[in-house]
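A short worksheet on the structure shown next.
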Amino acid sequence: MKEQIEQDFGVAEMTWRVPEYEKHERDRRWYILAGVVVVLLVVYAFWTDNFLFMGIILLGSFILVLNETQEAPQVEISLTDEGVVVGRKFYDYDQLNNFGIVYKPNIGAKNLYFEFKSPMKQRLSIPLMEQDPLAVRKELLKYLPEDLDRTNRPLSENLSRLLKL
């Protein structure tokens, strides 16, 4: 029997849980390099009298350190017959242009991507975790076309992983 999602978002066809954000393993060298970059940026901001930039750098550093001390909360993902539910947000299939699945187990890539029809919205990236990519694909093909050109993670995600942000 399929589960009825709260707030009438449709009948859940597939459901799984993912961390809200990816926590990277950072070694001591990363923190030293990040600290040096922060100090250099603060000195530059002070030298150019750009105090707003200095505040943004310090605030961003504080948030990064604060996030490091907490475990990432879990978010429930549901593919329903009406759309996609990510936590408390609902994305109707009418808002989505297509989907793509990148599955490369040798590099640890197992993600689902949704492109929005609106150019103002950024791509939605969802880790598949233990979900079978073929089952997810089969379910989504009922509602959306597949982007067969998406074979790799986007450059922004690769940079984020490389810099461990």
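Note that these values count all heavy atoms, side chains included, but never hydrogens, waters or copies made by symmetry.
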**Study point:** Any L96 side-chain heavy atom under 4.5 Å of E115 side chain
**Key:** no
Review point. So, do F46 and M54 sit near enough that their side-chain heavy atoms are less than 4.5 Å apart?
Key: yes
Check your understanding: Is a side-chain donor or acceptor of K110 paired with a backbone partner of V102 at a separation under 3.5 angstrom?
Key -> no
Check your understanding: Are I101 and V86 connected, step by step, through hydrophobic side chains (Ile, Leu, Val, Met, Phe, Trp, Tyr) whose heavy atoms are closer than 4.5 Å?
Key -> yes
Exercise for review: Find the distance between OH (Y91) and CG (L79) and round it off to the nearest 0.5 Å.
Suggested key: 13.5 Å
Check your understanding: Using the benzene-type ring in the case of Trp, are the ring centres of F99 and Y143 under 6.0 Å apart?
Key -> no
Point to revise | Over all atoms of both residues, closest heavy-atom pair of G87 and V75 | key: N-CG1, 3.3 Å
**Study point:** Student check: side-chain heavy atoms of D49 and F51 closer than 4.5 Å
**Key:** yes
Point to revise | Spacing of CG belonging to L134 relative to CD belonging to E139, to within rounding of 0.5 Å | key: 13.5 Å
Check your understanding: Checking S78 side chain against T80 main chain: does a donor-acceptor pair fall under 3.5 Å?
Key -> no
Study note, to complete from the structure: Here the gap from E146 atom CD to L140 atom CG, rounded to the nearest 0.5 Å, amounts to 9.0 Å
**Study point:** Rounded distance (nearest 0.5 Å) linking atom CE of M14 with atom NZ of K138
**Key:** 10.0 Å
Check your understanding: So if you build clusters from Ile, Leu, Val, Met, Phe, Trp, Tyr with side-chain heavy-atom gaps below 4.5 Å, do V11 and L141 land together?
Key -> no
Check your understanding: Mind checking whether R17 and I77 have side chains closer than 4.5 Å, heavy atoms only?
Key -> no
Practice item. Ignoring hydrogens and angles, tell me if any N or O in the side chain of D92 forms a donor-acceptor pair with the backbone of Q95 under 3.5 Å. Key: no
Check your understanding: I126 versus V84: any side-chain heavy-atom pair under 4.5 Å?
Key -> yes
**Study point:** Parallel, tilted or perpendicular: ring planes of Y44 versus F53, cut at 30 and 60 degrees
**Key:** perpendicular
Practice item. Step through the shown structure and confirm whether more than 12 heavy atoms of other residues, nucleotides or ligands are within 6.0 Å of CZ on R29. Key: no
Check your understanding: Taking C-beta and beyond as the side chain, do L112 and V136 meet within less than 4.5 Å on heavy atoms?
Key -> yes
**Study point:** More than 12 heavy atoms of other groups within 6.0 Å of Q70 CD
**Key:** yes
**Study point:** Side-chain touch N97/F116, heavy atoms, less than 4.5 angstrom
**Key:** no
Study note, to complete from the structure: Taking every heavy atom of S125 against every heavy atom of Y113, the minimum-distance pair comes out as OG-CE2, 3.3 Å
Practice item. May I ask you to test the L144-N98 pair for a side-chain heavy-atom distance under 4.5 Å? Key: no
Review point. Hey, are E68 and Y31 close enough side-chain-wise for a donor-acceptor pair under 3.5 Å?
Key: yes
Exercise for review: Output yes when a side-chain donor or acceptor of W47 lies under 3.5 Å from a complementary backbone atom of V42, and no otherwise.
Suggested key: no
Exercise for review: Would you give the length of the straight line joining atom CG of N111 to atom CG of L128, rounded to the nearest 0.5 angstrom?
Suggested key: 6.5 Å
Review point. Say you draw a straight line from CG of D81 to CD of E13; how long is it, rounded to the nearest 0.5 Å?
Key: 5.5 Å
Review point. At their closest point, which heavy atom of Q131 faces which heavy atom of T15, and how far apart are they?
Key: NE2-O, 3.8 Å
Review point. Taking I57 as the fixed residue, which of L40, V37, V38 is the one that meets the side chain to side chain contact (heavy atoms under 4.5 Å, CB included) rule?
Key: V38
Exercise for review: Please indicate whether F62 has more than 12 foreign heavy atoms, meaning atoms of other residues, nucleotides or ligands, lying under 6.0 Å from its CZ.
Suggested key: no
